[in-house]
Amino acid sequence: MTNTYDFGLVGLGVMGRNFILNVADNGFNAYGNDLDEEKVKALIEEGGDVSRINASTDAKTFVEALAVPRKIMLLVPAGKIVDAVIEGLVPLLDEGDIIIDGGNSFFTDTDRREAYLKDKGINFFGAGVSGGAKGARLGPSIMPGGSKEAYQHVKPIFEAVSAKYKGEPCVAYLGPKSAGNYVKMVHNGIEYGLMQLTSEIYDVLKKAGGLTNAELHDTYAAWNAGRLQSFLVEITSEIFDQKDDLTNGDLVDFILDKAKQKGTGKWTSQNAMDLGIPVPTIDIAVSMREISALKGERTKADELYDRPTPSAVDKAKLIDQSEQALYFAFIMAYAQGMHQLADASQEYGYELDLGEIAKIWRAGCIIRAALLADITEAYKAEPALQNLLLSPAFVEKVKSTVDAARELVSYGATNGIPLPGLSNALTYFDAYTSQRLPLNLIQAQRDYFGSHTYERLDREGIFHTEWEK
Ligand code: 6PG
């Protein structure tokens, strides 16, 4: 059947298969393509009706089956494979066709591909897709960037397949060029921060409060019923409830404490450094994955140094403080990520609407949380808000939880329980909200050894002092 299918998808791995089934469930005929014959067969079988879902290993058959302008989404691993797939498709496409990269591609790769394809009259979208395999099947949050005109062709399909928050689709056109990939990258940076925070709170509850896995399950479940409601808190509570198949214990206790990473958190940190925007909660989350990887060294070092035995605590009070501290630190992680987006928008000309971004993160994605409804409102009220901490709606939330964060950080420091995400969040808060920081001394030092000059508080101009007497 020529030129009849509404949507094409290259890469029928778990994400691709789930996404294309979701597209078909929403009334669009879809055609898949993968080099792996088994995956093609499996999709046709699962689809049931080839006029609704079909697939081929042959790129030409695949392209010819699609209605023009063709809408072809790639769900293949980021990197060289994306370029290879594009190279294979280009000779088969017509002007006006649309390629959408749904992977976690680095944003400058997306800019390069967009410019390359624009020359050939082909529209290219970088569209972050969040929500894992289940999200792809039942409704992800989608973050597309590219040509606004071409988006009109993709919009009905994306709006139909995306997650819904109170009926509103969790997808929106975000901006030109790599805006979509950039937003997804920062989403992942925030994801790293939230995951680090939930894990270190687990550490303190277990080591200081002596909570069992059953109690941890109940605690995180209770938090998920309150203001901390979020996908990550919810799955954390379920993780504590998981029995192990291989032993009589709980699975979480048998999992090696080395966290892997594919790079999106690191990119967020690296690019924040380039922009000059502080995101310490994200930075430390990346560093902690790196420290976790040094298991052998950590084990040796553990034998060389003593650690205090955590002092007794009131369990109920610790749980309450932990809830407040986690809420406080979650706010800091979102504030830092949003701040980075605001700055990147200026730097790269994305013209991002931060309220719209918070809105499409309210459901479907990994960082979905009740807090995002408040963040959406804060940016709606003040679209040019520089930082969430400056939003009147957030002042009370932060003021009422910061003391618990202070107490927990100081308990962790005294008792040798590392709380790097929480303490960095607190330090970020204390520094960001300080009218005067001691960096005057750094300016003096720079001028002392390098004649780098300094400015003054009391008069305009650039000054230099001969410091050496
Ligand atoms: C999502 C996730 C996803 C990411 C994984 C793994 O939004 O669905 O962000 O895109 O690939 O979370 O990331 P790391 O391997 O870097 O932890």
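As the structure is a prediction and not an experimental result, all values here were calculated from the model. Whatever order the structure lists ligands and atoms in, that order sets their numbers, starting from 1.
Judged by distance alone, the side chain of Asn181 and the main-chain N or O of Phe106 form no donor-acceptor pair under 3.5 Å. Using a distance-only test at 3.5 Å, with no hydrogens or angles considered, a donor-acceptor pair links the side chain of Asn415 to the main chain of Tyr411. One N or O on the side chain of Ser141 and one on the backbone of Ile360 form a donor-acceptor pair closer than 3.5 Å.
Near Ile366, the atoms of ligand 1 lying under 4.0 angstrom from a non-hydrogen atom of the residue are 1 (C), 2 (C), 7 (O), 8 (O). Atom numbering of ligand 1 starts at 1 in the shown order; those under 4.0 Å from a heavy atom of Asn188 are 4 (C), 7 (O), 9 (O), 10 (O). Short contacts between ligand 1 and His187, defined as distances under 4.0 Å to a heavy atom of the residue, involve ligand atoms 7 (O). Every atom of ligand 1 is numbered from 1 in the order shown, and the set under 4.0 Å from a heavy atom of Gln261 is 15 (O), 16 (O).
Relative to atom 3 (C) of ligand 1, the option among Met143, Arg289, Lys184, Lys262 with the closest non-hydrogen atom is Lys184. Among Glu191, Lys266, Lys260, the residue whose heavy atom lies closest to atom 9 (O) of ligand 1 is Glu191.
Salt bridge present: Arg112 and Asp109 bring a charged side-chain N and a carboxylate O closer than 4.0 Å. Salt-bridge formation is detected for the pair Asp374/Lys397: a Lys NZ or Arg NE/NH1/NH2 atom is positioned less than 4.0 Å from an Asp or Glu carboxylate oxygen. Salt bridge Asp25/Arg52: present, at least one basic N to carboxylate O contact under 4.0 Å. Taking the charged nitrogens against the carboxylate oxygens, Asp6 and Lys71 have no contact shorter than 4.0 Å, which rules out a salt bridge. Between Lys380 and Glu377, at least one side-chain nitrogen of the basic residue sits less than 4.0 Å from a carboxylate oxygen of the acidic one, meeting the salt-bridge criterion.
When hydrogens are left out, the protein atom nearest atom 7 (O) of ligand 1 is Ser130 OG, 2.4 Å; that is the closest non-hydrogen contact. Nearest protein heavy-atom contact of atom 11 (O) of ligand 1 is Asn104 ND2, 3.3 Å. Of the protein's non-hydrogen atoms, the one nearest atom 16 (O) of ligand 1 is Tyr192 OH, 2.5 Å.
Residue Gly131 places a heavy atom under 4.0 Å from ligand 1. The shortest heavy-atom distance from Gly132 to ligand 1 is under 4.0 Å.
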